[in-house]
Q: 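Right, I'll just put the structure down here and ask away after.
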Amino acid sequence: MSDTRQPQRFAPTKEDIETLALQALSRLPDPFAAHLSNVILFVEDFADEQVLKEMEIDDPFGLTGLYTGRPVGHEAQTGDTPPTVHLFRRPLLDEWVETGVALDALITHVVVHEIGHHFGLSDLDMHVLEDMVAP
């Protein structure tokens, strides 16, 4: 009897998501890339309860990414923390499975959207930038 089992597969890890996010960031053209050295990237399974409450999101699967910080061009204030981009692995993986969009394309979409907030871009500008860095 032959073994017809499928190879064991695992969901992408936080490190896998981070690698895809860093690849997306590396494709950003200047002048965007020049303003990212102080942006910190975090990959977590879910947003914490406080963030979800502040954003009035009941379902932890409802948030795939979040930018926090002062956008480029706004004067820094005493006590400012570095700008951050948070990617939330489990909601991203659910969206990946539900939509069938390639994972690298989905990660790029979310990263560009969150980085767009860093630059104060409109949704239309974010779509143009996303097209420029598509995998």
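Numbering of residues begins at 1 and proceeds along the displayed sequence.
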Q: Could you work out, with side chain to side chain donor-acceptor pair (under 3.5 Å) as the rule, every residue matching E54, not counting sequence neighbours?
A: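 With sequence neighbours excluded, E54 shows a side chain to side chain donor-acceptor pair (under 3.5 Å) to Q50, given in chain and number order.
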
Q: Applying side-chain contact (heavy atoms from CB on, under 4.5 Å), name anything that partners V97, two or more places apart in sequence or on another chain.
A: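 side-chain contact (heavy atoms from CB on, under 4.5 Å) check on V97 returns nothing, list empty.
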
Q: Tell me, do P82 and V39 make a side-chain contact under 4.5 Å, heavy atoms counted?
A: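 No - every pair of side-chain heavy atoms lies 4.5 Å or more apart.
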
Q: Do L66 and T84 have side chains that approach each other closer than 4.5 Å (heavy atoms only, starting at C-beta)?
A: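 No - every pair of side-chain heavy atoms lies 4.5 Å or more apart.
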
Q: On a heavy-atom basis, which atom in A21 and which in L41 lie closest, and how many Å separate them?
A: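 Reported closest heavy-atom pair: CB-CD2, 3.7 Å.
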
Q: Please name the pair of heavy atoms, one in P60 and one in P91, separated by the smallest distance, quoted to 0.1 Å.
A: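 Distance-wise, the nearest heavy atoms are O-CG, 3.4 Å.
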
Q: According to side-chain contact (heavy atoms from CB on, under 4.5 Å), who are the partners of D30, at least two apart in sequence or on a separate chain?
A: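 D30 satisfies side-chain contact (heavy atoms from CB on, under 4.5 Å) with A33, A34 only.
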
Q: Take V111 and L25 through the side-chain contact (heavy atoms from CB on, under 4.5 Å) test and state the conclusion after the steps.
A: CA-CA 7 Å; V111 166; L25 289 170; 3.6 Å; yes

Q: Side chain to side chain donor-acceptor pair (under 3.5 Å) with R27: which residues, sequence neighbours excluded?
A: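 If we apply the side chain to side chain donor-acceptor pair (under 3.5 Å) test to R27, skipping adjacent residues, the hits are T108.
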
Q: Please say whether more than 12 non-hydrogen atoms of neighbouring residues, nucleotides or ligands are located less than 6.0 Å from CG in D59.
A: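 Atom CG in D59 is packed in, count exceeds 12.
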
Q: How close do H35 and F119 get, counting heavy atoms only, and between which atoms?
A: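 Nearest pair, atom of H35 first, then F119: CB-CE2, 3.6 Å.
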
Q: For residues T19 and D16, is any side-chain donor paired with an opposing acceptor at under 3.5 Å?
A: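 The criterion, which ignores hydrogens and geometry beyond distance, is not satisfied for D16 and T19.
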
Q: Could you tell me which residues satisfy ring-ring contact (aromatic ring centres under 6.0 Å, His included) with H113, sequence neighbours excluded, listed by chain and number?
A: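 Scan of H113 (ring-ring contact (aromatic ring centres under 6.0 Å, His included), adjacent residues dropped) gives H117.
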
Q: Checking E49 now: which residues fulfil side chain to side chain donor-acceptor pair (under 3.5 Å) with it, not counting sequence neighbours?
A: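 E49 satisfies side chain to side chain donor-acceptor pair (under 3.5 Å) with no residue once adjacent residues are dropped.
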
Q: If the condition is side chain to side chain donor-acceptor pair (under 3.5 Å), which residues does S37 pass it with, not counting sequence neighbours?
A: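 For S37 there are no side chain to side chain donor-acceptor pair (under 3.5 Å) partners, ignoring immediate neighbours.
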
Q: What's the separation between atom CG in L92 and atom OG1 in T64, rounded to the nearest 0.5 Å?
A: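 Reported value, rounded in 0.5 Å steps: 5.0 Å.
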
Q: Please go through F46's hydrophobic cluster and name the other residues, only I, L, V, M, F, W, Y counting, with side-chain heavy atoms under 4.5 Å joining them.
A: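 Other cluster members: F61.
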
Q: Sequence neighbours left out, what passes salt bridge (Lys or Arg N to Asp or Glu O under 4.0 Å) with D45? Give chain and number order.
A: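 In terms of salt bridge (Lys or Arg N to Asp or Glu O under 4.0 Å), with neighbours along the sequence ignored, D45 is linked to R89.
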
Q: Give me each pair satisfying ring pair (Phe, Tyr, Trp, His ring centres under 6.0 Å) with a member in residues 80-108, each pair once, sequence neighbours excluded.
A: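 Qualifying pairs: F42-H86.
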
Q: Taking atom CG of L63 and atom CE of M55, what is their separation to the nearest 0.5 Å?
A: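 So the CG of L63 and the CE of M55 are separated by 5.0 Å.
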
Q: How far apart are the C-alpha atoms of V51 and T68, what are their side-chain angles, what is the distance that settles it, and do they pass the side-chain contact (heavy atoms from CB on, under 4.5 Å) test?
A: CA-CA 11 Å; V51 167; T68 59; over 6 Å; no

Q: Check the pair D104 / Q23 against side-chain contact (heavy atoms from CB on, under 4.5 Å), numbers first and verdict last.
A: CA-CA 9 Å; D104 58 343; Q23 289 170 356; 5.7 Å; no

Q: Tell me which donor-acceptor pairs under 3.5 Å the side chains of residues 125-135 have, and how far apart each pair is, sequence neighbours excluded?
A:
from, atom 1, to, atom 2, distance (Å)
D125, OD2, S122, OG, 3.2
E130, OE1, H109, ND1, 2.8
E130, OE2, H109, ND1, 3.1

Q: Does the pair V85 and I40 meet the rule for a side-chain contact (heavy atoms from CB on, under 4.5 Å), with working shown?
A: CA-CA 6 Å; V85 170; I40 300 171; over 6 Å; no

Q: Could you report the tightest heavy-atom contact between V110 and G65, atom names first, then the distance?
A: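 Closest approach of V110 to G65, heavy atoms only: CG1-CA, 3.9 Å.
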
